[in-house]
Amino acid sequence: MLSVLLLVFLLQLFIHLLNTVGKQTVNDLLWLVFTKLPIPQAKAAGDLSTLRSDVVRLAREMKATSAQDDFAKWARLRRQHDKAREKYDAEASNQQSLRTTFDRVITGARWLGTQGLQFGANTWYSKQAMFWLPQGWVPYQIEWVLSFPRAPLGSISINVWAIACASVIKMVVEGSMAVWTLRSGVVKDGPRKGEAIKMEAVPGVGAKKEL
Amino acid sequence: MADDSEMESSLKPILDQKSLKWVFVGGKGGVGKTTTSCSLAVQMAKVRKSVLLISTDPAHNLSDAFGMKFGKDARPVTGVPGLSAMEIDPNGTITDLISAGGDDAQEAMQGLGGVGNMFQDMAFSIPGVDEAMSFAEVLKQVKGMEYELIIFDTAPTGHTLRFLQFPTVMEKALEKLSALSQQFGGMVSNLVNARGGLPNGQTFEDVLAKMEDLRNTIGDVNKQFKNPDLTTFIPVMIPEFLSLYETERMIQELGGYEIDTHAIVVNQLLFPKKDNPCEQCNSRRKMQKKYLEQIDDLYGEDFHVVKMPLLVEEVRGVEKISSFSEMLVKPYEAPE
């Protein structure tokens with residue numbers, strides 16, 4: 001079985017990645033995948049765009065026809081346009097409600113897969129020691145904190161381990177971002193985005209190296 | 001009747017349609033609705049036992065057209081056996097109904113305090129309910145009178161469509177009211193009865209029963225209006241752009257309400273003689289021709305398009321209407 005230590009670490013990594021990508025992006029991506037699936041709901045989304053282009057085409061044709069000079073043609077176009085428009089509106093609101101349901105389901109699933117899983121693991125392994133500290137390394141008070149809330153004294157609890165993993169992941173990601181930014185020499189974020197990074201040469205550093 | 005591929009260009013098929021019970025005549029103001037509906041009524045009176053012509057136009061031109069005074073009650077038209085006419089005002093309001101109950105009713109409403117006001121608010125907040133009330137009133141009268149055919153000379157376009165919508169509006173409103181009364185009926189009737197009852201010794205249950213009765217009437221009429229064997233709508237127009245535009249819109253909307261239309265009257269056509277020196281007449285004729293072609297193209301397949309000439313005199317009085325009405329049945333032959 002997968003070690004609990006690794007499991008918690010992977011979970012934290014997953015949460016971090018999801019948060020970086022953003023909730024909306026994830027929903028949009030999954031929706032895109034969903035509409036490509038060979039199911040009737042997905043096909044409807046394709047039909048909707050055909051309908052929309054139909055409505056636009058008819059509207060353009062209607063505009064190009066003079067109602068005064070060519071009323072019969074214009075009226076026929078208008079009948080078609082109104083019909084297509086009605087169909088499109090009905091279909092669009094239908095799709096909208098489908099999308100809302102889809103988003104709700106995805107949001108629920110995401111919560112279960114991250115926060116829910118974390119909470120579940122924290123409860124399930126709450127009394128288990130992740131690993132033991134060598135005796136006498138840290139004073140009693142700190143041992144107590146590290147084993148919070150219910151792990152045996154002198155061990156690391158799952159909650160503390162999760163916090164540690166999250167912090168390390170965050171620091172590593174930030175650190176690698178910083179290294180990458182420095183190497184590229186361009187500001188990646190903030191109001192000065194895109195500008196070259198200005199660094200002052202520290203006098204003497206190069207000289208020392210040569211020694 | 002609408003089964004021939006080549007549609008007859010007269011209203012004869014409508015005269016022959018013996019199952020018809022309701023005929024609506026509508027169109028923009030000034031296109032000759034009243035003249036057309038009067039003419040149709042005269043022709044109908046020849047083939048049917050009893051025909052009633054009702055004007056719902058607040059302008060009331062029936063009296064003008066026939067040259068005699070009509071009122072809120074059906075009165076026979078002299079010179080046309082089997083035809084009666086009446087004029088109703090579609091703008092009667094619910095306040096009229098309340099005040100019709102006299103001061104008693106007003107006081108009772110006041111006495112009810114909050115509840116009375118709530119009822120009034122509710123009645124006003126349902127769109128179209130006041131017109132619907134007067135419409136329902138008319139329907140009740142008409143149903144009691146047992147005419148074989150009823151022709152409505154409706155008000156200009158906007159009004160017409162609202163008028164035809166009333167049964168639907170009314171049914172919805174009444175449904176809401178009965179649902180409400182089922183929920184709160186006990187409470188309200190307690191309140192009302194504690195106050196000494198409604199005026200004229202009515203109880204709240206009576207009022208509810210009346211409402212239910214009205215709902216059934218409306219539902220019945222609604223069904224009849226949507227039946228193409230019983231009801232048809234005849235748009236009247238003149239061959240000009242705006243009139244044509246409005247007519248097309250109206251026909252589409254009528255389709256939305258599932259009300260049958262299969263005949264159109266094109267009125268006020270000019271037929272100047274070949275060697276006519278009148279410049280205006282000739283250019284106007286040219287314009288009318290253009291729109292007539294469009295009308296034939298657009299409606300020729302599905303509608304009886306009846307073409308009526310513009311006469312040199314006003315069509316007023318029974319004799320002139322009678323002679324004009326002949327042209328609804330026998331297509332007008334233009335003099336060379």
Side-chain angles (χ1 to χ4, degrees), chain A residues 31 34-35 39-105, chain B residues 5-7 9 26-28 31 157 161 233 235-269 283-305 307:
Chain A
W31 175 253
F34 176 73
T35 52
I39 48 171
Q41 285 90 335
K43 205 173 148 286
D47 289 348
L48 192 66
S49 69
T50 330
L51 270 176
R52 185 168 46 216
S53 65
D54 250 17
V55 171
V56 171
R57 179 181 56 82
L58 285 168
R60 203 185 297 130
E61 272 181 50
M62 213 164 80
K63 230 173 200 165
T65 312
S66 157
Q68 270 88 355
D69 297 334
D70 227 351
F71 189 83
K73 191 179 162 203
W74 184 84
R76 283 199 181 100
L77 279 173
R78 196 177 136 118
R79 285 176 196 172
Q80 279 176 22
H81 171 264
D82 287 356
K83 216 188 223 167
R85 181 78 212 214
E86 206 175 294
K87 211 166 144 197
Y88 170 77
D89 283 347
E91 194 62 34
S93 74
N94 215 352
Q95 287 273 303
Q96 193 58 46
S97 74
L98 181 67
R99 175 74 206 253
T100 315
T101 317
F102 181 83
D103 276 1
R104 205 165 43 226
V105 168
Chain B
S5 56
E6 190 64 28
M7 297 296 271
S9 60
K28 259 168 76 83
V31 295
T157 313
L161 295 175
F233 191 104
V236 181
M237 65 162 146
I238 51 178
E240 275 174 26
F241 176 70
L242 269 182
S243 182
L244 185 51
Y245 179 87
E246 291 283 337
T247 306
E248 162 69 13
R249 213 180 57 120
M250 192 162 72
I251 287 171
Q252 294 308 317
E253 249 177 281
L254 286 170
Y257 302 146
E258 300 169 50
I259 290 166
D260 172 70
T261 48
H262 62 273
I264 296 177
V265 175
V266 185
N267 207 355
Q268 300 184 4
L269 287 176
S283 68
R284 198 147 185 89
R285 167 72 187 150
K286 220 172 116 192
M287 185 203 78
Q288 289 195 342
K289 238 180 174 163
K290 183 177 98 178
Y291 286 116
L292 263 182
E293 275 165 23
Q294 300 292 332
I295 289 166
D296 278 334
D297 183 8
L298 191 58
Y299 303 116
E301 286 168 27
D302 313 313
F303 289 83
H304 302 286
V305 180
K307 294 169 185 130

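Computed from a predicted structure; not experimentally measured. Numbers restart at 1 for each chain; the letters A, B, ... are given by sequence-line order, proteins then strands.
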What is the minimum heavy-atom distance between B:Leu298 and A:Ala72, and which atoms define it?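 Shortest heavy-atom separation between B:Leu298 and A:Ala72 comes out as CD1-O, 3.5 Å.
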
State, to 0.1 Å, how close A:Lys73 and B:Gln294 come at their nearest heavy-atom pair, and which atoms those are.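 For A:Lys73 and B:Gln294, the tightest heavy-atom pair comes out as N-OE1, 4.5 Å.
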
Out of curiosity, A:Arg78 CZ to B:Glu248 CD, how far, rounded to the nearest 0.5 Å?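 So the gap between those two atoms works out to 7.0 Å.
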
Between CD1 on residue B:Ile251 and CZ on residue A:Arg79, distance to nearest 0.5 Å: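 CZ of A:Arg79 is found 7.0 Å from CD1 of B:Ile251.
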
Parallel, tilted or perpendicular: which one describes the rings of B:Phe241 and A:Phe71, with boundaries at 30° and 60°?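 Perpendicular, since the angle between the ring planes exceeds 60°.
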
Mind listing the side-chain donor-acceptor pairs of residues 94-105 of chain A below 3.5 Å, one per line with the distance, residues two or more places apart or on another chain?
unit_1	atom_1	unit_2	atom_2	d
A:Ser97	OG	A:Asn94	O	2.8
A:Arg99	NE	A:Asp103	OD1	3.2
A:Arg99	NH2	A:Asp28	OD1	2.9
A:Thr100	OG1	A:Gln96	O	2.7
A:Thr101	OG1	A:Ser97	O	2.7

Of the backbone (N, CA, C, O) and the side chain (C-beta and beyond), which part of B:Tyr245 lies under 4.5 Å from a heavy atom of chain A, both, or neither?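 Looking at B:Tyr245, backbone and side chain both touch chain A.
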
Would you say CD of A:Gln68 has more than 12 non-hydrogen atoms from neighbouring residues, nucleotides or ligands within 6.0 angstrom?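 Yes, enclosed.
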
With a sphere of 6.0 Å drawn around CZ of A:Arg85, does it hold more than 12 non-hydrogen atoms of other residues, nucleotides or ligands?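 Open.
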
Can you confirm whether B:Lys290 sits close enough to A:Asp69 that some side-chain heavy atom of one is under 4.5 Å from a side-chain heavy atom of the other?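 Yes; the side chains approach each other to less than 4.5 Å.
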
Does the pair B:Arg249 and A:Asp82 meet the rule for a salt bridge (Lys or Arg N to Asp or Glu O under 4.0 Å), with working shown? CA-CA 11 Å; B:Arg249 213 180 57 120; A:Asp82 287 356; over 6 Å; no

